[in-house]
**Student:** 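Please find one structure pasted underneath; my questions will follow.
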Amino acid sequence: MEESLQRPHQMHLDDQARLQAIIDTAIDGIITIDQRGIIETVNPAAARIFGYRPEEIIGKNIKILMPEPDQSRHDGYMENYHRTGVGQIIGKGREVVGLRKDGSVFPFLLSISEVKLQDKVIYTGIVHDISQQKKAEQAQRESENKINSIIQAAVDGIITIDTRGIIEMVNPSAARLFGYSEEELIGQNIGLLMPEPDHSRHDQYMENYHRTGHRKIIGIGREVSGRKKDGSVFPLYLSISEVQLTDRKVYTGFIHDITHQKVSEERLRRYAAELERSNRELQDFAYVSSHDLQEPLRKIQAFGDRLKTKEQNNLSDQGKDYIDRMLNAAVRMQNLINDLLTFSRVTTKSKPFEKVDLNEVLNGVLSDLEITIEKTGTVIDRSPLPTIEAEPTQMRQLFQNLISNAIKFRKEDVTPVVRISARHVQRKAHLTSTPGDVHVEIEVEDNGIGFDEKYLDRIFNIFQRLEGQKYEGSGIGLAICRKIAIRHGGDITARSQPGVGTRFIITLATKHLQE
């Protein structure tokens with residue numbers, strides 16, 4: 001009998017212990033209060049959420065866990081509920097704000113149930129902290145707002161369509177680009193913005209892509225045509241990305257209007273064609289004129305020489321001076337004609353390239369300039385040069401012009417020094433060269449008068465002479481050097497400082513396609 005009476009009691013104790021264990025290990029906070037709002041029990045999770053130890057809040061009014069204005073209003077709310085039976089939160093769940101021990105506030109979900117015991121009524125509150133969830137939601141909202149701001153303010157057009165080609169989103173730039181309002185485009189098929197034949201083919205293209213996975217433009221940017229509301233067609237650059245959402249796919253197109261770029265390209269193409277035509281005419285003119293000037297110039301020189309030799313005794317001193325001036329002018333004119341002929345030959349690309357040992361070329365040039373070198377006391381400091389594919393005569397002309405310039409523009413009372421060196425370099429594509437070509441970089445450096453680098457863009461143009469009439473020359477030499485360098489897949493530039501000297505840097509491709 002006694003054992004049978006103890007068994008229900010033991011079962012009751014076991015159930016109570018099990019229930020207490022569940023409450024103590026719950027993730028959410030559980031708090032019970034009496035009808036006056038005094039806290040009777042608080043589980044570890046609730047104490048931890050509010051930053052207290054359980055013993056610190058048991059026996060205290062629940063309002064210590066509330067910020068204002070709820071803290072001041074809570075007693076009145078309890079009194080009103082007891083009087084009227086109308087509760088604002090009892091039996092319902094809603095989001096409220098709690099007050100931690102450190103004074104910080106945080107959001108949580110609160111659900112309150114009313115429990116009637118034998119001798120009293122208690123209220124149990126379940127507290128679910130949603131601080132992290134709120135932070136995540138806030139971060140997501142900020143991210144969405146940022147993305148939306150970027151989309152709305154983007155200069156390029158952005159359009160999103162579904163798998164049927166129906167427009168779901170269009171930013172202001174895209175609407176403005178096609179001449180529509182955003183409302184006019186939402187819900188329309190993207191084919192509306194395409195001219196024929198793309199307009200008629202688009203649905204079939206989408207269907208084919210969904211069936212085969214073969215893409216023509218998705219994930220690939222390319223130039224296409226768009227159709228505005230007024231029917232006009234314009235060029236655009238379109239790139240489309242495929243985005244997999246939770247339950248479906250969408251496609252986002254990024255649209256860049258290239259109308260102005262196309263106009264500029266066409267203008268540039270026409271300008272280049274016109275420049276090429278003018279250049280050919282200039283070359284032809286230089287070549288023909290040079291030849292046409294040779295005959296009268298030869299007569300002037302012949303008659304001048306005859307007068308100077310055979311009629312010398314019959315001429316006055318003034319007459320002899322006039323003849324000398326005439327012959328000097330004829331020599332200068334002959335040099336100019338020769339330079340023009342050289343310039344025209346360089347640009348006409350008449351001779352094929354061959355293997356050229358630049359050391360042998362340089363030897364020939366130095367031999368031709370031997371008298372000038374000895375007369376001026378010029379020191380030549382040279383390093384080995386490579387063998388490249390080139391036009392031998394033009395390589396000779398290149399070294400001739402640069403070394404002659406170095407000697408011509410020497411400083412008084414200073415021994416002229418000319419250094420010639422070379423090295424191999426990898427260079428990017430330039431004119432006739434191709435990416436990754438090996439080039440040879442040749443340097444011709446002197447210790448002469450130098451020049452201000454602000455004139456660097458001028459010195460390689462034809463007839464440009466920085467020193468005016470102080471030094472002899474036609475102003476064509478460096479222009480010829482640049483033409484030679486460009487024809488050989490490179491270019492020429494210079495580094496200089498007045499009174500210090502000049503270093504010319506010439507790049508030449510080592511190999512060329514047959515012309």
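Since the structure is predicted, the reported quantities are computational estimates derived from the model, not experimental observations. Values reported hereafter were calculated over all heavy atoms of this structure, with side chains retained and with hydrogens, waters and symmetry mates removed.
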**Student:** Only counting residues at least two apart or in another chain, list the ones meeting side-chain hydrogen bond (donor to acceptor under 3.5 Å, both in side chains) with Thr372.
**Tutor:**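 Testing Thr372 for side-chain hydrogen bond (donor to acceptor under 3.5 Å, both in side chains), a comparison that skips the adjacent residues, returns none.
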**Student:** Would a distance-only check, ignoring hydrogens and angles, find a side-chain to backbone donor-acceptor pair under 3.5 Å from Lys411 to Gly499?
**Tutor:**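 Here the side-chain-to-backbone pair exists.
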**Student:** Taking all heavy atoms of Val356 and all of Ala390, pick out the closest pair and write down the distance.
**Tutor:**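 Minimum heavy-atom separation between Val356 and Ala390: CG2-O, 3.5 Å.
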**Student:** Please list all pairs passing the salt bridge (charged side-chain N to carboxylate O under 4.0 Å, His left out) test where one or both residues lie in residues 167-179, with sequence neighbours left out.
**Tutor:**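 Found Glu168-Arg248.
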**Student:** Quick one: which of Gln133, Lys135, Gln140 gives a side-chain hydrogen bond (donor to acceptor under 3.5 Å, both in side chains) with Glu137?
**Tutor:**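 That would be Gln133.
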**Student:** Can you tell me which residue pairs pass the ring-ring contact (aromatic ring centres under 6.0 Å, His included) test with a partner in residues 150-175, sequence neighbours excluded?
**Tutor:**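 Sorted pair list comes back empty.
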**Student:** I'd like a table of donor-acceptor pairs (distance under 3.5 Å, sequence neighbours excluded) in which one partner is a side-chain atom from residues 249-257, with atom names and distances.
**Tutor:**
residue: Lys249; atom: NZ; partner: Glu242; partner atom: OE2; Å: 3.2
residue: Tyr251; atom: OH; partner: His210; partner atom: NE2; Å: 3.1
residue: Thr252; atom: OG1; partner: Thr160; partner atom: OG1; Å: 3.3
residue: His256; atom: ND1; partner: Asp156; partner atom: OD1; Å: 2.8
residue: Asp257; atom: OD1; partner: Thr259; partner atom: N; Å: 3.0
residue: Asp257; atom: OD1; partner: Thr259; partner atom: OG1; Å: 2.6

**Student:** Phe106: what forms a ring pair (Phe, Tyr, Trp, His ring centres under 6.0 Å) with it, not counting sequence neighbours?
**Tutor:**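 In terms of ring pair (Phe, Tyr, Trp, His ring centres under 6.0 Å), with neighbours along the sequence ignored, Phe106 is linked to Phe50, Phe108.
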**Student:** Going by the rule side-chain contact (heavy atoms from CB on, under 4.5 Å), which residues pair with Ser232 if we only count those two or more places apart in sequence or in a different chain?
**Tutor:**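 Applying side-chain contact (heavy atoms from CB on, under 4.5 Å) to Ser232 gives Lys228, Asp230.
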**Student:** Using a 4.5 Å cut-off on heavy atoms from C-beta on, say whether the side chain of Ile506 contacts that of Leu508.
**Tutor:**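 Yes - at least one pair of side-chain heavy atoms lies under 4.5 Å apart.
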**Student:** Between Asn189 and Ile166 (side chain of the first, backbone of the second, donor and acceptor by atom type, cut-off under 3.5 Å), is there such a pair?
**Tutor:**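 Not at all, since once roles are kept as given, no pair shorter than 3.5 Å links the two residues.
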**Student:** With the side chain counted from C-beta on, respond yes when Leu362 and Ile403 share a heavy-atom pair under 4.5 Å apart, and no when they do not.
**Tutor:**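 In short, these two side chains touch, coming nearer than 4.5 Å.
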**Student:** Do you see a donor-acceptor pair shorter than 3.5 Å between the side chains of Ser383 and Ser421?
**Tutor:**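 The criterion, which ignores hydrogens and geometry beyond distance, is not satisfied for Ser421 and Ser383.
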**Student:** Residues in ring pair (Phe, Tyr, Trp, His ring centres under 6.0 Å) with Phe234, at least two apart?
**Tutor:**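 Scan of Phe234 (ring pair (Phe, Tyr, Trp, His ring centres under 6.0 Å), adjacent residues dropped) gives Phe178.
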**Student:** Does either side chain, that of Gln397 or that of Thr393, offer a donor lying less than 3.5 Å from an acceptor on the other one?
**Tutor:**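 Judged by distance alone, the side chains do not pair up.
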**Student:** Determine, for Glu443 against Arg423, whether the closest basic-nitrogen to carboxylate-oxygen distance falls under 4.0 angstrom.
**Tutor:**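 Not counted as a salt bridge, because no side-chain N and carboxylate O are separated by less than 4.0 Å.
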**Student:** Should we count NE2 of His260 as having more than 12 external heavy atoms under 6.0 Å?
**Tutor:**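 For His260, atom NE2 is not crowded (no more than 12 foreign heavy atoms under 6.0 Å).
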**Student:** For Gly489 versus His439, what's the shortest heavy-atom pair and its separation?
**Tutor:**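 Scanning both residues, the minimum pair turns out to be O-NE2, 2.9 Å.
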**Student:** Tell me whether Asp198 contacts the main-chain N or O of Met194 through its side chain, where contact means a donor paired with an acceptor under 3.5 Å.
**Tutor:**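 No, Asp198 side chain to Met194 backbone: no donor-acceptor pair under 3.5 Å.
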**Student:** For Arg495, enumerate each residue passing the salt bridge (charged side-chain N to carboxylate O under 4.0 Å, His left out) test, keeping only those at least two apart in sequence or located in another chain.
**Tutor:**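 With sequence neighbours excluded, Arg495 shows a salt bridge (charged side-chain N to carboxylate O under 4.0 Å, His left out) to no residue whatsoever.
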**Student:** Regarding Arg325 and Asp321, does a basic nitrogen lie under 4.0 Å from an acidic carboxylate oxygen?
**Tutor:**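 The answer is yes: the pair qualifies as a salt bridge.
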**Student:** Could you list all the salt bridge (charged side-chain N to carboxylate O under 4.0 Å, His left out) pairs where at least one residue sits in residues 357-379, not counting sequence neighbours?
**Tutor:**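 The answer is Asp368-Arg396.
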**Student:** Is Pro235 close to Ser225 at the side-chain level, that is, under 4.5 Å between some pair of heavy atoms?
**Tutor:**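 With C-beta onward as the side chain, the pair stays apart.
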**Student:** Check for a donor-acceptor pair, side chain of Asn447 on one end and backbone N or O of Thr415 on the other, with a separation under 3.5 Å.
**Tutor:**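 Checking the backbone N and O of Thr415 against the side chain of Asn447, a donor-acceptor pair under 3.5 Å is found.
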**Student:** Are any side-chain N or O atoms of Thr507 and backbone N or O atoms of Asp491, one a donor and one an acceptor, separated by less than 3.5 Å?
**Tutor:**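 Indeed, once roles are kept as given, a pair shorter than 3.5 Å links the two residues.
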**Student:** List the steps, then state whether side-chain hydrogen bond (donor to acceptor under 3.5 Å, both in side chains) holds for Arg382 with Asn363.
**Tutor:** CA-CA 10 Å; Arg382 57 182 289 185; Asn363 289 339; 2.6 Å; yes
**Student:** Among pairs that include at least one residue of residues 355-406, which meet ring-ring contact (aromatic ring centres under 6.0 Å, His included), considering only residues two or more places apart or in two chains?
**Tutor:**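 Residue pairs with at least one partner in residues 355-406: there are none.
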**Student:** Could you check if a side-chain atom of Pro386 sits within less than 4.5 angstrom of a side-chain atom of Leu358, using non-hydrogen atoms only?
**Tutor:**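 A side-chain contact exists here, since the closest heavy-atom pair is under 4.5 Å.
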**Student:** Measure the OH-CD1 distance between Tyr237 and Ile258 for me, rounded to the nearest 0.5 Å.
**Tutor:**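 Answer for the OH-CD1 pair, Tyr237 versus Ile258, is 9.0 Å.
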**Student:** Is there a donor-acceptor contact under 3.5 Å from the side chain of Asn401 to the main chain of Leu478?
**Tutor:**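 No, Asn401 side chain to Leu478 backbone: no donor-acceptor pair under 3.5 Å.
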**Student:** Looking at residues at least two apart in the chain, or sitting in another chain, which of them share a salt bridge (charged side-chain N to carboxylate O under 4.0 Å, His left out) with Glu182?
**Tutor:**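 Per chain and number, Glu182 pairs via salt bridge (charged side-chain N to carboxylate O under 4.0 Å, His left out) with no residue.
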**Student:** Go through the structure and list residues passing side-chain contact (heavy atoms from CB on, under 4.5 Å) with Glu266, not counting sequence neighbours.
**Tutor:**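 Listed in chain order: Arg269, Arg270.
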**Student:** Could you check whether atom CG of Asp413 has more than 12 heavy atoms from other residues, nucleotides or ligands sitting under 6.0 Å from it?
**Tutor:**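 Not buried by this count: 12 neighbours or fewer within 6.0 Å.
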**Student:** Measure the acute angle between the ring planes of His488 and Phe353, then classify it against the limits of 30° and 60° as parallel, tilted or perpendicular.
**Tutor:**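 Ring orientation of His488 relative to Phe353: parallel.
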**Student:** Which pair of non-hydrogen atoms, one from Arg410 and one from Pro416, has the smallest distance, and what is that distance?
**Tutor:**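 Looks like CD-CG, 3.6 Å.
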**Student:** Quiz question: by atom type and distance under 3.5 Å, do the side chains of Glu142 and Gln138 form a donor-acceptor pair?
**Tutor:**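 Gln138 and Glu142 do have a side-chain donor-acceptor pair below 3.5 Å.
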**Student:** Can you tell if the side chain of Thr493 reaches within under 4.5 Å of the side chain of Leu456, non-hydrogen atoms only?
**Tutor:**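 Yes, their side chains come closer than 4.5 Å.
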